[in-house]
Amino acid sequence: MKTNNSSIKKSIHLLKKNECVGIPTETVYGLAANAYSSKAILKVFKLKRRPRTNPLIVHYHDIKFLKNDCYLNNRFMKLYKLFCPGPITFILKKKPNSNISKFVTNNKKTLAVRFPKHRTTRLLLKNISFPLAAPSANVSTSISPVTKKDVLEEFGSKIKYVIDGGKTKVGLESTIIDVTGRPKILRVGGLDLRTINKSLKLNLNYNFKNKYKAPGQSKLHYSPGIPIILNVKKPKKFSAYILISKRRYNNKNYFYLTKNRNLNEAGQNLYKILRNIKRKKYKLIEVENIPNQGLGLTINDRLKRASYK
Ligand code: TXA
Ligand code: MG
């Protein structure tokens, strides 16, 4: 442990006492707890006000300890070698003798696992003997946090500690892929679907109208609690208007996702902008059309869910 020694030590101390800790990842901040401890996991559900029927993702440093909890297969290994650590979550078959708390999976026979790419969190994972279950560190259905400040805004003094890992690099939750059988995308996310398809030589797709396979992908989600209207060309005067790229107008109510239409940059900024609009107490959000390709697919998915009435 060279860097961030004290924040890691403090986190380990709290996690061993079955407390929750806010952790940075490359996607969004997580609300982490010992995945082997039911006492700790129940605190996560309570703090997040999350229905117990919605299972959690478990975070590992690498596959060494994963073997105790899941059956690994070739499809998984291929993607793991290509993209991990990184913004992808795998659904695998859980081993019956695994120590994962039954509350993590809601008694399901599968487990969602992920290998986050953030220096401090990887160091933390390397120095504990249990994996970390971590949903996004926001109250259920609200906007995912991309900074420590956002996490504190969600939970206030109810959270014991949050590691400061700066602003998250990807800014959108991980892509979820079920690899228990023929691969299926359960949630579009921070890893571009085209990249996955290219490496697996498949043509997996995803459609907002699909049946939602991930139990937590409810239609209303990622919501700033303000009505959102999509594909707006002429915004109303009083609304917050989100645009894909910087223009000449300097209107106070215009929020630009990027300088130059780079969709990765748009992903990094989306939740920050939504939170900012919420803080400014706008009553309506309007969004111009966002290209439905690359991470644009994920951005549109999140905006559609956030706008669901
Ligand atoms: O980027 C991320 O994935 C972030 C960071 C913190 O790692 N985590 C995150 O967790 O987005 P959460 O809890 O907000 O979303 C996890 C999603 C939920 O929709 C849940 O239903 C689904 O994963 N999920 C968890 N376990 C599953 C399982 N066994 N089968 C299918 N879906 C599962
Ligand atoms: Mg979430």
Side-chain angles (χ1 to χ4, degrees), residues 20-33 35 41 44-45 47-60 69-71 83-94 98 100-118 121-122 124-125 131-147 150-151 154 162-163 165 168-181 183-191 210-223 267-268 271 295 298 301-302 305-306:
C20 308
V21 170
I23 58 163
T25 82
E26 80 282 32
T27 59
V28 299
Y29 274 68
L31 181 63
I41 296 307
V44 172
F45 280 95
L47 201 55
K48 240 188 103 80
R49 285 189 250 134
R50 177 170 174 124
R52 292 240 200 112
T53 47
N54 189 3
L56 307 178
I57 299 175
V58 179
H59 298 63
Y60 292 82
D69 299 324
C70 296
Y71 297 104
F83 302 121
C84 295
I88 180 166
T89 292
F90 305 92
I91 308 297
L92 292 168
K93 287 206 174 97
K94 189 160 72 83
S98 140
I100 297 284
S101 158
K102 63 178 182 191
F103 296 108
V104 166
T105 58
N106 187 33
N107 288 315
K108 271 165 94 71
K109 292 205 167 74
T110 55
L111 185 68
V113 305
R114 166 162 141 67
F115 310 86
K117 188 177 183 172
H118 188 289
T121 292
R122 279 182 61 73
L124 169 63
L125 285 166
L132 293 175
S136 51
N138 52 280
V139 173
S140 252
T141 78
S142 124
I143 310 168
S144 292
V146 295
T147 61
D150 297 348
V151 181
E154 290 290 321
V162 185
I163 298 177
T168 61
K169 289 224 166 78
V170 177
L172 300 163
E173 301 81 355
S174 60
T175 299
I176 305 183
I177 184 164
D178 184 336
V179 286
T180 54
K184 280 195 266 310
I185 300 294
L186 305 192
R187 175 175 80 181
V188 280
L191 185 62
N210 275 0
K211 259 193 174 171
Y212 306 109
K213 298 272 171 35
Q217 288 303 91
S218 63
K219 286 187 183 163
L220 178 68
H221 211 133
Y222 313 103
S223 165
Q268 280 171 4
Y271 290 152
L295 291 197
T298 307
D301 172 78
R302 302 303 190 260
R305 286 177 208 284

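As the structure lists them, so they are numbered: ligands from 1, and atoms in each ligand from 1. Only a predicted model underlies this, so the values are computations on that prediction, with no experimental measurement involved. We count residues from 1, following the sequence as given. Only this structure's heavy atoms are used, side chains among them; waters, hydrogens and symmetry mates stay out.
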*asked:* For a distance under 2.8 Å, tell me if S140 has an N/O/S atom near the Mg ion (ligand 2).
replied: no

Taking atom types as modelled, find out whether [X] and [Y] have a side-chain donor-acceptor pair closer than 3.5 angstrom.
X: R187; Y: S174; answer: yes
X: E154; Y: S142; answer: yes
X: T298; Y: D301; answer: no
X: Y271; Y: D150; answer: no

List ligand 1 atoms under 4.0 Å from [X], heavy atoms only on the residue side.
X: R187; answer: 2 (C), 3 (O), 9 (C), 11 (O), 15 (O), 16 (C), 17 (C)
X: N54; answer: 18 (C), 20 (C), 21 (O)
X: P135; answer: 10 (O), 12 (P), 13 (O)
X: S174; answer: 1 (O), 2 (C), 3 (O)

Once you restrict to heavy atoms under 4.0 Å, what part of [X] touches ligand 1? Side chain, backbone, both or neither.
X: K108; result: side chain
X: R50; result: side chain
X: L186; result: side chain
X: I91; result: side chain
X: I176; result: side chain

_Main chain of V170, side chain of T27: is a donor-acceptor contact present, judged purely on distance under 3.5 Å?_
no

*Is the backbone of T180 close enough, under 3.5 Å, to the side chain of Y71 for a donor and an acceptor to pair up by distance?*
no

*E26/R114 ion pair, N-O < 4.0 Å*: yes

Can you find an N/O atom of [X] closer than 3.5 Å to an N/O atom of ligand 1?
X: Y29; value: no
X: S136; value: yes
X: H59; value: yes
X: R114; value: yes

*From R302 CZ over to I143 CD1, what is the distance, rounded to the nearest 0.5 angstrom?*
13.0 Å

*Check the pair N138 / K48 against side chain to side chain contact (heavy atoms under 4.5 Å, CB included), numbers first and verdict last.*
CA-CA 6 Å; N138 52 280; K48 240 188 103 80; 3.6 Å; yes

_Closest to atom 27 (C) of ligand 1 among P51, S140, P55 (heavy-atom distance)_ = P55

*Can you name the one residue among L92, L56, T105, I57 that meets side chain to side chain contact (heavy atoms under 4.5 Å, CB included) with L111?*
T105

